[in-house]
Amino acid sequence: MTTTAAATRWFTPAKADKTLPLVSAIVSDIKELREAVKLRQSRVDEVLMSRPDASSGPYHEELEAMRRSLDEDRRQIRAFISELTAIGAEIVEGDDSAVEFPAWVEDRAVRLRWSLNEPGVSSWRELADPITTDRDIDSVLFGEGPDIASYSGR
């Protein structure tokens with residue numbers, strides 16, 4: 001997650017927690033839909049591997065319908081991700097059930113982290129930390145951050 005002038009706000013743990021009912025619903029939808037897409041895509045791949053003539057034979061129409069459905073589901077996933085971005089959250093790469101929020105500690109930008117089924121934001125990480133780093137939010141004081149328009153991405 002990178003905060004740029006396009007970002008709309010900085011979050012404190014309390015502010016991030018207020019978004020969680022909506023964020024949780026969106027993340028659940030993303031996770032569920034990505035799992036369904038992965039399963040259906042593997043079925044399409046299996047059919048194509050086992051029946052080389054499938055793309056032109058009697059299975060052609062069914063495969064095309066499946067491909068259109070997969071494309072629509074992928075568009076829906078992108079729309080869900082756009083909803084998260086509009087809120088100010090971003091899916092953690094490689095973990096469909098976690099999101100990060102831009103936050104401010106002392107004089108630097110950091111990331112708050114929340115995972116699906118957790119009651120609230122409970123960890124944070126430095127921008128340079130590996131994405132898997134979890135630091136306890138009780139150990140620091142989160143601020144409001146600078147005006148986002150003046151933030152230079154330090």
Hey, mind stepping through R67 and E64 against salt bridge (charged side-chain N to carboxylate O under 4.0 Å, His left out) and telling me if it holds?
CA-CA 5 Å; R67 286 182 178 142; E64 285 304 308; 2.9 Å; yes
Check the pair K38 / E35 against salt bridge (charged side-chain N to carboxylate O under 4.0 Å, His left out), numbers first and verdict last.
CA-CA 5 Å; K38 184 177 178 181; E35 288 170 358; over 6 Å; no
Derivation of the salt bridge (charged side-chain N to carboxylate O under 4.0 Å, His left out) call for R68 and D71
CA-CA 5 Å; R68 284 191 301 275; D71 288 344; over 6 Å; no
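D129 is listed as a side-chain neighbour of R135, based on a closest heavy-atom distance under 4.5 Å. Side-chain contact check for W114 versus V27: some heavy-atom pair is nearer than 4.5 Å. In this structure, F80 and I91 have side chains that are not in contact, with every pair of non-hydrogen atoms separated by 4.5 Å or more. Side-chain contact between D73 and R40: present, with at least one pair of heavy atoms (C-beta onward) separated by less than 4.5 Å. T132 places none of its side-chain heavy atoms less than 4.5 Å from the side chain of R125. Residues W124 and P13 form no side-chain contact, since every pair of their non-hydrogen atoms from C-beta on lies 4.5 Å or further apart. Put simply, the side chain of V23 reaches to within 4.5 Å of the side chain of L84, judged on heavy atoms. In this structure, the side chains of V44 and Q41 come closer than 4.5 Å at one or more pairs of heavy atoms.
Across every non-hydrogen atom of G88 and F11, the tightest pair is O-CE1, 3.8 Å. The shortest non-hydrogen separation linking D17 to G120 is OD1-CA, 3.3 Å. Listed here is the closest heavy atom pair of L22 and I87: CD2-CD1, 3.6 Å. P119 and L20 get closest at one heavy-atom pair: O-CD1, 4.1 Å. Summarising the geometry of D134 relative to S123, their closest heavy-atom pair is OD1-OG, 3.2 Å, with the distance given to 0.1 Å. When all heavy atoms of K18 and P21 are compared, the pair lying nearest together is O-CD, 3.6 Å.
Rounding to the nearest 0.5 Å gives a distance of 11.0 Å between CZ of R34 and OG of S97. Of the inter-residue distances, the one linking R43 atom CZ with M66 atom CE reads 7.0 Å to the nearest 0.5 angstrom. Going from atom CG of D45 over to atom OG of S50 covers 10.5 Å, rounded to the nearest 0.5 Å.
Between the side chain of S28 and the main chain of S24, a donor-acceptor pair closer than 3.5 Å is present. A side-chain donor-acceptor contact under 3.5 Å links T12 to the backbone of K15. Listed for the R113 side chain is no donor-acceptor partner under 3.5 Å among the backbone atoms of T133.
Around CD of E32, the count of heavy atoms belonging to other residues, nucleotides or ligands within 6.0 Å does not exceed 12.
For the pair E126 and R108, the salt-bridge criterion is met [side-chain N within less than 4.0 Å of a carboxylate O].
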